[in-house]
Number of protein chains: 2
Amino acid sequence: MNVRTLCLAILSFGESTGYEIKKQSVDGKFSYFVDASFGSIYPALARLEADGLVTSRQEIQPGKPPRKIYAITDAGQAALVEALSEPPGRDIFRSEFLLIAMCAKSLPQHVVTGAIEARIQAIEEEVEQLRHVVAELDDEAAIWTAQYGVTCKAQALANLRETRADLEKLAGSRLSNTNANAAE
Amino acid sequence: MNVRTLCLAILSFGESTGYEIKKQSVDGKFSYFVDASFGSIYPALARLEADGLVTSRQEIQPGKPPRKIYAITDAGQAALVEALSEPPGRDIFRSEFLLIAMCAKSLPQHVVTGAIEARIQAIEEEVEQLRHVVAELDDEAAIWTAQYGVTCKAQALANLRETRADLEKLAGSRLSNTNANAAE
DNA sequence: TCAAACATGTATCGGTTCGATATATGGACG
DNA sequence: CGTCCATATATCGAACCGATACATGTTTGA
């Protein structure tokens, strides 16, 4: 899932600026399963325009930086469908928290407990924010997607709450002197 | 979670080669929440060795390419604890499948159905493989982590099975002529 | 039977992407 | 009244992925 396809997908829901595309992929309806930085979005948009898959027009507003509004073309729409029609790649999941969990035995208890609590709070916020997104959506497919995310995240949170004590019990059981010094 | 920390974490469970580290992060007990390629592992190991956080010895076996076996040092163990003691970054989840789900209305039904079925099969395989991993583990923290993954994945699979029909109903409802041509 | 495919193993290279930063301006907040 | 935050575009270095090259032994199958 390269950034060009992502931009096309977001633009297929309506015209937008580079800044708004970034926001959509961080806070908006695409937020929980994609991610993109300015460093990849702006070059991607430039290349899409050069390839004729999007068009841009400049909106000059007095006293504000001008907005460069991008819109998808018919060729872009076709390219999007073509890209999404190929067998999708595997989902990617990366978790620093689970790396900490793996190494729990070598870590001081407070580090493990702190990581669990941070993780719980992070999921809570994500669920809360996704519920917000769901409430404001009108596209049924987008609602399905966000709702699926809410359900999965809420379950992951419940699992963590139920089993966290088992992990915390293990924390520090392989803690060496060397670690004790480094920890604080 | 940079690759250097990942290498240290894997090496903290025992000495290993670059090739085996890659395998652990793709098939093994770290497989479902980390990922690293040779292009990042080998340079990372070289730098870790230069920094004195790991050591290496060459094992020459007749009729086979020599193995370069890395082991973590005390300094490396301390650096690992230090790195994992910092507040963990957010979990990252990326899904090409969910991007397809988002765009379901613009896609032909067979594409959406195909993506769902591919996704179901992929999760089934992942759960199956993780169960295998759990069965062969002895470290309790590693078992906790893998078990957490099994539970979450199994729930995500159940959710998908329960709601897939709703998504499939939406497929193609915004399908334009342009798309119809591009799809096949 | 013998080639093709695959597993082990190290390593590099091009292209993509991240994270931080620069630049510019208006509004909010204490 | 200065500092921070939101809007907005854009670039740069570092990190990283995916593919590939190389070398060799084993397994698989037409």
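So you know, we letter chains A, B, ... as the sequences are listed, proteins then strands, and number each from 1. In this text the structure is predicted, and so the values were computed from the model without any measurement.
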- prompt: B:Arg94 side chain N/O closer than 4.0 Å to the phosphate oxygens (OP1, OP2) of D:dC17?
  reply: no
message: I'd like to know if the side chain of B:Thr73 reaches the main chain of B:Gly52, judged simply by a donor and an acceptor atom lying under 3.5 Å from each other, with no hydrogens or angles considered.
response: yes
message: I need the CG-P distance between B:Leu45 and C:dG9, as an integer number of Å.
response: 14 Å
- request: Describe the nucleic acid contact of A:Gly18 in one word from base, sugar-phosphate, nothing, applying a heavy-atom distance below 4.0 Å.
  value: sugar-phosphate
message: Nearest to the B:Asp35 side chain among D:dG18, C:dT12, D:dT11, which nucleotide is it?
response: D:dG18
query: Which part of the nucleic acid, if any, lies within contact of A:Lys22, taking any heavy atom under 4.0 Å across all strands shown: a base, the sugar-phosphate backbone alone, or nothing?
result: nothing
Test: B:Glu15 and B:Arg57 ion pair at under 4.0 Å: yes
query: Is A:Arg90 touching bases, backbone alone, or none of the nucleic acid, heavy atoms closer than 4.0 Å?
result: nothing
- request: When you get a sec, tell me which of D:dG18, C:dT12, D:dT7 is the closest nucleotide to the side chain of A:Lys23?
  value: D:dT7
task: Establish, yes or no, whether the cationic atom of A:Arg164 lies under 6.0 Å from the six-membered ring centre of A:Phe97 and within 45° of the ring axis.
output: no
task: Check every strand shown and say whether B:Ser37 touches a base, only sugar-phosphate, or nothing at a heavy-atom separation below 4.0 Å.
output: base
field: Shortest side-chain distance from B:Asn2, nucleotide among D:dA8, D:dC16, C:dT12
entry: D:dC16
- prompt: Is the shortest side-chain N/O distance from A:Tyr42 to OP1 or OP2 of D:dT9 below 4.0 Å?
  reply: yes
message: Can you see if the side chain of B:Tyr19 gets near the phosphate of C:dT10 - specifically, an N or O under 4.0 Å from OP1 or OP2?
response: no
- prompt: Taking CD from A:Glu15 and P from D:dA8, how many angstroms apart are they, rounded to a whole number?
  reply: 13 Å
- line: Assert: residue with more 5' nearest nucleotide on DNA chain D, out of A:Phe38 and B:Gly39, is A:Phe38
field: Of the listed nucleotides C:dC18, D:dC16, C:dG9, the one nearest the side chain of B:Glu20
entry: C:dG9
- request: Could you tell me whether A:Phe13 and A:Phe30 have their ring centroids closer than 6.0 angstrom?
  value: yes
message: Parallel, tilted or perpendicular, judged at 30° and 60°: which one describes the rings of B:Tyr32 and A:Phe93?
response: parallel
field: A:Gln24 CD - D:dA6 P separation (whole Å)
entry: 17 Å
field: Rounded distance in Å - CD1 (B:Ile60) to C1' (D:dG25)
entry: 18 Å
message: Let's see if you can work this out: which of C:dT10, D:dT11, D:dC16 has an atom nearest to the side-chain heavy atoms of B:Arg67?
response: C:dT10
B:Ile69 vs A:Arg47, nearer the 5' end of DNA chain C by closest nucleotide: B:Ile69
task: Quickly work out the A:Glu59 CD to D:dT9 P distance and round it to whole Å.
output: 10 Å
N/O (side chain, A:Thr17) to phosphate O (OP1/OP2, D:dT9) under 4.0 Å: yes
- request: Just call it for A:Arg4: base, sugar-phosphate, or nothing, with non-hydrogen atoms closer than 4.0 Å on any strand.
  value: nothing
query: For A:Arg57 and D:dA8, what is the distance between atoms CZ and P respectively, to the nearest whole Å?
result: 13 Å
- prompt: Picking from C:dA11, D:dC17, C:dT12, which would you name as closest to the side chain of B:Lys68?
  reply: C:dA11
message: Tell me whether A:Arg161 is salt-bridged to A:Glu124, with the criterion being a basic N under 4.0 Å from an acidic carboxylate O.
response: yes
query: Roughly, in whole Å, what's the span from CG in B:Asp27 to C1' in C:dA7?
result: 12 Å
query: Which whole-number value in Å describes the distance from B:Met1 CE to D:dA15 P?
result: 16 Å
